[in-house]
**Q** 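Sending over a structure as structure tokens; questions will come in a sec.
A note on names: the letters A, B, ... follow the listed sequences, proteins ahead of strands, and every chain is numbered from 1.
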There are 2 protein chains.
Amino acid sequence: MAAGSSSYGIEQLRKGCYYEWMGLQAKHIVDLKEALINHHRASDDDHKLGELVGQILNDFEKYAEKRSELSHRSCSSYLSPSWNSSLENGLLWMGGCRPSSFIRVIYALCGSQAETQLSQYLLKIDESVEVNHSGFMSDLTATQLAKINELHMEVIEKEDKITKKSANLQENVADMPIAIAAYTMDLVDGNVVVKDALDKHEEDMAALVTEGDKLRFETLRKIVEVVTPVQAAEFLLAGKRLHVSLHEWGRVREEGRFGCARAEDATAARSGTGKSTTC
Amino acid sequence: MAAGSSSYGIEQLRKGCYYEWMGLQAKHIVDLKEALINHHRASDDDHKLGELVGQILNDFEKYAEKRSELSHRSCSSYLSPSWNSSLENGLLWMGGCRPSSFIRVIYALCGSQAETQLSQYLLKIDESVEVNHSGFMSDLTATQLAKINELHMEVIEKEDKITKKSANLQENVADMPIAIAAYTMDLVDGNVVVKDALDKHEEDMAALVTEGDKLRFETLRKIVEVVTPVQAAEFLLAGKRLHVSLHEWGRVREEGRFGCARAEDATAARSGTGKSTTC
């Protein structure tokens, strides 16, 4: 696909795909919150929660497929999207979050809930007050934790392999034919060799973004297999709120620094996700 | 440094620092070309070339120091600068090029010149024509090549260590306190805990950018120690032309895709480096 109107069209489709996903994230957050409240109040069976979790995973898989379809050539905009703040782009790994960070979210939830439970337990001893259940992630069994830990190691190893491939692709740009074309040619704008080599570079990077998305999906799927439906719902809610919040925090920090640069994108993103999504 | 007018000021200083550096790159390219032509024509002594190479290394060290001074907090704009195209940002490693790519440029020059010499040699045999010296990088001795190869391995190992640190910092964002703040708080805009944690994250990333700059400088310095002054001049010229060309190619490709998005920045960059710098 040559640079021009069709590439511009694809770029717009990518942007649309992202905003659609952020809109869906907002819906997922509302759905997960409601489902968790109902589960807590009425001790709903796990079946409904399990269905919602399954639906959310399906939505992620569809999103990844759509990204992959739109990534042929010119994938650079996934690596450093104009619709993200610098903070978010600095956190990107293969055009998305690190799959290992999903597991860090579990550890964070688990630790935080255990801390709250300990405080509440001490409060109960001292003052005999009734306390609430702080969450289900701290109920992870030793077997579940061992599986999660094993998954963490496995994911880090897979991440490292993809990172290494990406490093090689980056290094290759400093080799023939690109480096030599830059060195020897005076007019390089319309150079076919360079264009083809850069197209090939972007295609190869696009394949790595797709590999990254697959690892993200597989990690989510394996986590959901290990934890209970209510734990899965808590985990997904935490992950999605972190994503949406980082988008919002990055935008706010950037607005203070850059003035209005990128503000248009940020505003569009905000209208897609709604500030209320962090609430 | 809180987000606000002073942060905006620093962001402008960073942009100015970059454009100043790109302007200096254009000057270096002209100086190196002239020095190499003079060396070829008049067989100038290596002393002048050596002085120029030393001056260029000093300039890079000064630029890195200035970047470091301006990187305290809010360093995200170095990781994904608004003044770069997506193509260039996709090639970034710790806010700059991979130090290992310097060595790939040497291999590329060496291979390309050896190829040209072979063609010229065959041409001379067949038609007894006079041919020109194609460059000095193909004259690298076995000892020099062994040292360069050793340096390549060493640099890749150091790059990997810094990459690992960066991966850990990225993962940490998905842990306490940030992930928990995103999960538990409804109004996060003005949250002090989150602000402090993100400031700390950006400070830690800034330290990695400085480490990256140090490795870039040390790699350049060690290369210059191994090669002759004329080879160093050829290498620096190739590296700088690659940098400036990638900036220009990225801009041209992006203009075709995004329309005029980021065009203002690109135009400013262009006026700093001048399109003629690639000539």
Side-chain angles (χ1 to χ4, degrees), chain A residues 3-4 7-8 11 74 76-77 79-80 82 85-87 89-91 93 98 100-102 104-105 107-109 111-112 159 163 167 170-176 178-180 182-183 186-189 194 198 202 205 237-238 241-242 245-246 248-249 252-253 256-259 261-262 278-279, chain B residues 3-4 7-8 11 74 76-77 79-80 82 85-87 89-91 93 97-98 100-102 104-105 107-109 111-112 159 163 167 170-171 173-176 178-180 182-183 186-189 194 198 202 205 237-238 241-242 245-246 248-249 252-253 256-259 261-262 278-279:
Chain A
S7 291
Y8 177 73
E11 191 53 36
S74 66
S76 291
S77 60
L79 302 172
S80 164
S82 60
S85 64
S86 294
L87 174 75
N89 279 342
L91 289 168
W93 174 86
R98 283 193 172 267
S100 54
S101 66
F102 294 145
R104 290 291 288 268
V105 166
Y107 291 151
L109 275 181
S112 156
E159 270 182 16
T163 301
Q170 286 186 322
E171 252 202 58
N172 287 347
V173 171
D175 209 330
M176 290 195 266
I178 297 175
I180 299 305
Y183 185 61
D186 278 353
L187 290 165
V188 289
D189 270 1
V194 168
L198 290 177
E202 291 205 78
M205 287 304 295
L237 180 57
R241 288 186 78 155
L242 179 61
S245 300
L246 280 171
E248 188 69 5
W249 292 329
V252 169
R253 287 166 80 84
R257 283 171 198 157
F258 292 85
R262 298 195 192 179
T278 58
C279 303
Chain B
S7 292
Y8 177 74
E11 191 54 34
S74 66
S76 290
S77 60
L79 303 173
S80 165
S82 59
S85 64
S86 293
L87 174 76
N89 279 342
L91 289 167
W93 174 87
C97 67
R98 284 193 171 266
S100 54
S101 67
F102 294 145
R104 290 291 289 268
V105 167
Y107 292 151
L109 274 181
S112 157
E159 269 182 16
T163 300
Q170 285 186 322
E171 253 201 59
V173 172
D175 209 330
M176 289 195 266
I178 297 175
I180 298 305
Y183 185 62
D186 279 352
L187 290 165
V188 289
D189 271 1
V194 168
L198 290 176
E202 292 206 78
M205 287 304 294
L237 180 58
R241 287 186 78 156
L242 179 62
S245 300
L246 281 170
E248 188 68 7
W249 291 330
V252 169
R253 287 166 79 85
R257 285 173 197 155
F258 292 83
R262 297 196 193 180
T278 58
C279 303

**Q** With sequence neighbours excluded, tell me which residues meet side-chain contact (heavy atoms from CB on, under 4.5 Å) with B:Ala174.
**A**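 Counting only residues at least two positions away or on another chain, B:Ala174 forms a side-chain contact (heavy atoms from CB on, under 4.5 Å) with A:Ser101, A:Arg104, A:Val105, A:Leu242.
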**Q** Please give me the minimum heavy-atom distance between B:Met176 and A:Ala108, naming the atom from each residue.
**A**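 B:Met176 and A:Ala108 have their closest heavy atoms at N-CB, 3.8 Å.
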**Q** So for B:Ile180, is it side chain, backbone, both, or neither that comes closer than 4.5 Å to the heavy atoms of chain A?
**A**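 The answer is the side chain of B:Ile180.
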**Q** Can you tell which part of A:Leu246 gets under 4.5 Å to a heavy atom of chain B, answering side chain, backbone, both or neither?
**A**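 For A:Leu246, the contact with chain B is made by the side chain alone.
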**Q** Side chains of A:Ser245 and B:Tyr183: closer than 4.5 Å at any heavy-atom pair?
**A** no
**Q** Does B:Gln170 reach the main-chain N or O of A:Arg98 with its side chain, forming a donor-acceptor pair under 3.5 Å?
**A** no
**Q** So which of A:Asp175, A:Leu79, A:Leu109 has the biggest tally of heavy-atom pairs under 4.5 Å with chain B?
**A** A:Asp175
**Q** Could you tell me which portion of B:Ile178 (side chain, backbone, both or neither) has an atom closer than 4.5 angstrom to a non-hydrogen atom of chain A?
**A** both
**Q** Could you tell me which of B:Leu237, B:Leu198, B:Thr163 has the largest number of non-hydrogen atom pairs under 4.5 Å with chain A?
**A** B:Leu198
**Q** If every non-hydrogen atom of B:Ser80 is compared with every non-hydrogen atom of A:Ser86, which pair is closest and at what distance?
**A** O-OG, 3.7 Å
